[in-house]
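One structure below.
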Amino acid sequence: MQTIDPTTEAQIDAFDRHDEGAVEDRLERASRGFETWRERPVTDREALLAGVSDVLEANEAEYAQLMTAEMGKPINQARAEVRKCARVCEYYAENAGTFLQDERVGIEPGAKTFVAYEPLGPVLAVMPWNYPFWQVFRFAAPALAAGNVCLLKHAPNVQGCADAIADIFEAAGFPEYAFQTLRVGDETVAEVIADDRVRAVTLTGSVAAGRAVASEAGAQLKKTVLELGGSDPFVVLDDADVDSAAAVGCQSRTYNSGQSCIAAKRFVVHTDVYDEFVDRLRAEMAGLTVGDPTDEETDVGPMARADLRDDLHDQVERSVAAGATVELGGEPLDRDGFFYQPTILTDVPTDAPAAAEELFGPVAAVFEVDSEAAAIDLANDTDYGLGATVWTNDRERGEAVAREIDAGCVFVNEFVTSHLELPFGGIKNSGYGRELSGEGIREFVNRKSVWVS
Ligand code: NDP
């Protein structure tokens, strides 16, 4: 497995896959270790997680540089990602015990009835490259706090990040078995899922990857959590603050160079403010600094891999062939690296790729609608259901529209992002299950009902 710097196209490193023996060692270590780990008091596990937060904070610059080198994230966003990982570790260090406390349920006088939350065992995590630290910590912090142990199969292009994360847990004092990486291909993932020692699977990535992994886990009757893509609507109603909407919309569409599952992707704009919004969005997106992601001033870096850039351009070209108009950009950048111009498409037919597929790069598709009802219909006209945004100066109206949108989260007049305290996940093709908050830590546990008469 090679890691390639997407800015320079130069190889950074090469890694050998783990052979059968190495995979077997890791599975056995995880399985045996789990029996010890599950017996440790939750306060011990919390204290270790607090230590992980310290290691992350102490080495923020190093980890940020690694992410930026391997997948091209702008450096200030990479540092923010490391800090968010530190916060999720702190959050579960402070709250895991409360989330996992036995819950008393009064049913019959004289009987003690309660729900206990017990770990499942080794959990396999199949993870993507777009937030190479955050996606892993978002899963691992609650899973470890709950008493599970983790096996990480990371994306091939971020293997340096995978190793760095394993080193972080070790440096914080976690036993070696608690968090291990598996450097394997998809065929071996299927074998690992089928192994009795692995008790559950989580995946963040594309719909195709989710279907494949969930099918394999389903055949083995193993629990899965899937966090897949999105084609999030960004609804701008006739009474919206258009300047704020355009500024936040631009940020949402282009953060992480547009490679985010909860980015605003389809801008659904009321006809009364449509022209003004397109003008403001064009000004915002044209004003972005695209370039070297190690530069503090850069807003948009390269896409993580050449094939991702090429696929995105293919989606843009097919959308234009179907009738879309290019308002801005529309081409890869003519320079080294896998850069794509910030792009705006209008007049997009609803069956064109920019409407019907996920666009995982800095390309905004803007649609014009003539009523609130039409906005809601178009917002929901997607196979996905991850996040959504509504812009209006009327909070009650915003809340009412939020309730009509089919998505795992809806933010009114606010940038959509994950918050530690809120469940995060999707419906429809965006997946199922929830991460973060108390809901997240209870995904990979046995909710055991106990009745003592
Ligand atoms: P993938 O979904 O293919 O990759 C994500 C992870 O899943 C990787 O570790 C990958 O490993 C693994 N994976 C993929 N297929 C299988 C399989 N059959 N069995 C086991 N593991 C599998 O994403 P890509 O990198 O190819 O990106 C393609 C598109 O996916 C993007 O353009 C975007 O639309 C979407 N995506 C969404 C993300 C999100 O945050 N929701 C994150 C990343 C991508 P390997 O590469 O070794 O197959």
Side-chain angles (χ1 to χ4, degrees), residues 1-4 6 15 17-18 70-73 81 124-136 138-139 151-159 161-162 165 181-194 198 201-220 224-232 255-263 265 303-316 338 340 353-354 356-363 382-387 408 416-418 424-426 428-433 435:
M1 292 180 189
Q2 293 177 353
T3 48
I4 308 278
F15 301 80
R17 288 181 188 218
H18 289 150
E70 287 195 332
M71 53 67 68
K73 187 185 294 283
E81 182 168 338
L124 172 68
V126 180
M127 289 290 151
W129 42 265
N130 60 336
Y131 287 89
F133 268 55
W134 169 244
Q135 312 274 28
V136 175
R138 181 176 72 182
F139 151 72
L151 293 160
L152 168 67
K153 183 269 175 232
H154 219 327
N157 55 327
V158 289
Q159 288 300 314
C161 290
I165 294 168
T181 59
L182 293 177
R183 191 171 294 134
V184 295
D186 297 349
E187 337 70 57
T188 311
V189 168
E191 288 166 23
V192 170
I193 292 171
V198 171
V201 187
T202 184
L203 178 137
T204 300
S206 63
V207 172
R211 283 190 206 283
V213 165
S215 304
E216 284 146 11
Q220 307 297 332
T224 44
V225 167
L226 299 180
E227 203 274 87
L228 309 178
S231 185
D232 287 9
Y255 197 79
N256 208 30
S257 312
Q259 303 164 119
S260 172
C261 48
I262 45 164
K265 289 173 186 146
M303 317 233 9
R305 299 189 316 246
D307 64 301
L308 295 163
R309 189 260 327 263
D310 296 344
D311 288 349
L312 180 70
H313 189 46
D314 180 57
Q315 288 173 307
V316 169
F338 313 135
Y340 203 80
E357 299 173 12
E358 178 174 38
L359 263 56
F360 219 59
V363 180
T382 170
D383 293 336
Y384 292 100
L386 193 57
V416 175
T417 186
S418 56
F424 183 82
K428 297 160 70 178
N429 282 2
S430 294
Y432 50 73
E435 300 194 275

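Each ligand, and each atom within it, is numbered from 1 in the order the structure gives. What you see below is based on every heavy atom in this structure, not just the backbone, and it leaves out hydrogens, waters and symmetry mates.
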At less than 4.0 angstrom from any non-hydrogen atom of [X], what atoms of ligand 1 do you find?
| X | value |
| --- | --- |
| A155 | 9 (O) |
| P156 | 45 (P), 46 (O), 47 (O) |
| E358 | 33 (C), 34 (O), 35 (C) |
| Q135 | 40 (O) |
| G229 | 41 (N) |
| V213 | 19 (N), 20 (C), 21 (N) |
| V189 | 20 (C) |
| R305 | 24 (P), 25 (O), 26 (O) |

| message | For the residue pair T224 / Y432, report whether a side-chain donor-acceptor contact shorter than 3.5 Å exists. | response |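 Yes, because at least one side-chain N or O of Y432 sits under 3.5 Å from a partner of the opposite role on T224.
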[atom]: the protein heavy-atom neighbour that sits closest, reported with distance to 0.1 Å:
| atom | value |
| --- | --- |
| atom 22 (C) of ligand 1 | D186 OD1, 3.4 Å |
| atom 40 (O) of ligand 1 | N130 ND2, 3.1 Å |
| atom 14 (C) of ligand 1 | A209 CB, 3.3 Å |
| atom 32 (O) of ligand 1 | F360 CB, 3.4 Å |
| atom 25 (O) of ligand 1 | W129 NE1, 2.6 Å |
| atom 47 (O) of ligand 1 | K153 NZ, 3.1 Å |
| atom 27 (O) of ligand 1 | L308 CD2, 3.8 Å |
| atom 12 (C) of ligand 1 | V126 CG1, 3.5 Å |

Restricting to non-hydrogen atoms, name the atom on [X] and the atom on [Y] that form the minimum distance, rounded to 0.1 Å.
| X | Y | answer |
| --- | --- | --- |
| G229 | S430 | O-OG, 2.7 Å |
| I165 | P132 | CD1-O, 3.5 Å |
| I262 | T417 | CD1-CA, 3.6 Å |

Any sub-3.5 Å donor-acceptor pair from [X]'s side-chain atoms to [Y]'s backbone N or O?
| X | Y | value |
| --- | --- | --- |
| K428 | T382 | yes |
| H18 | R183 | yes |
| N157 | T3 | no |
| K265 | E358 | no |

| message | I'd like to know whether V198 forms a side chain to side chain contact (heavy atoms under 4.5 Å, CB included) with L151, so could you lay out the CA-CA distance, the side-chain angles of the two residues, the decisive distance to 0.1 Å, and finally the verdict. | response | CA-CA 9 Å; V198 171; L151 293 160; 4.0 Å; yes
Decide whether an N or O pair under 3.5 Å exists between [X] and ligand 1.
| X | result |
| --- | --- |
| S206 | yes |
| A212 | no |
| E216 | no |
| M127 | yes |

| said: Show me the pairs that pass side-chain hydrogen bond (donor to acceptor under 3.5 Å, both in side chains) and involve residues 125-134, at least two apart or across chains. | reply: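 Residue pairs passing side-chain hydrogen bond (donor to acceptor under 3.5 Å, both in side chains), neighbours aside: N130-Q135.
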| Is atom 4 (O) of ligand 1 in close reach of the protein, with a heavy atom under 4.0 Å away? |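 Looking at atom 4 (O) of ligand 1, one finds that no protein heavy atom lies closer than 4.0 Å.
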| Rounded to the nearest 0.5 Å, how far does CD of E435 lie from OG of S418? |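 Going from OG on S418 over to CD on E435, the span is 9.0 Å.
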| Distance from K73 atom NZ to E81 atom CD, nearest 0.5 Å? |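 Result: 4.0 Å between the selected atoms.
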| query | Taking non-hydrogen atoms only, is Y131 closer than 4.0 angstrom to ligand 1 via side chain, backbone, both or neither? | reply |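 The answer is neither; Y131 stays 4.0 Å or more away.
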What pairs of donor and acceptor atoms, side-chain ones from residues 303-312 against any protein atom, are under 3.5 angstrom apart with sequence neighbours left out?
from, atom 1, to, atom 2, distance (Å)
R305, NE, D307, OD1, 2.8
R305, NH2, D307, OD2, 3.0

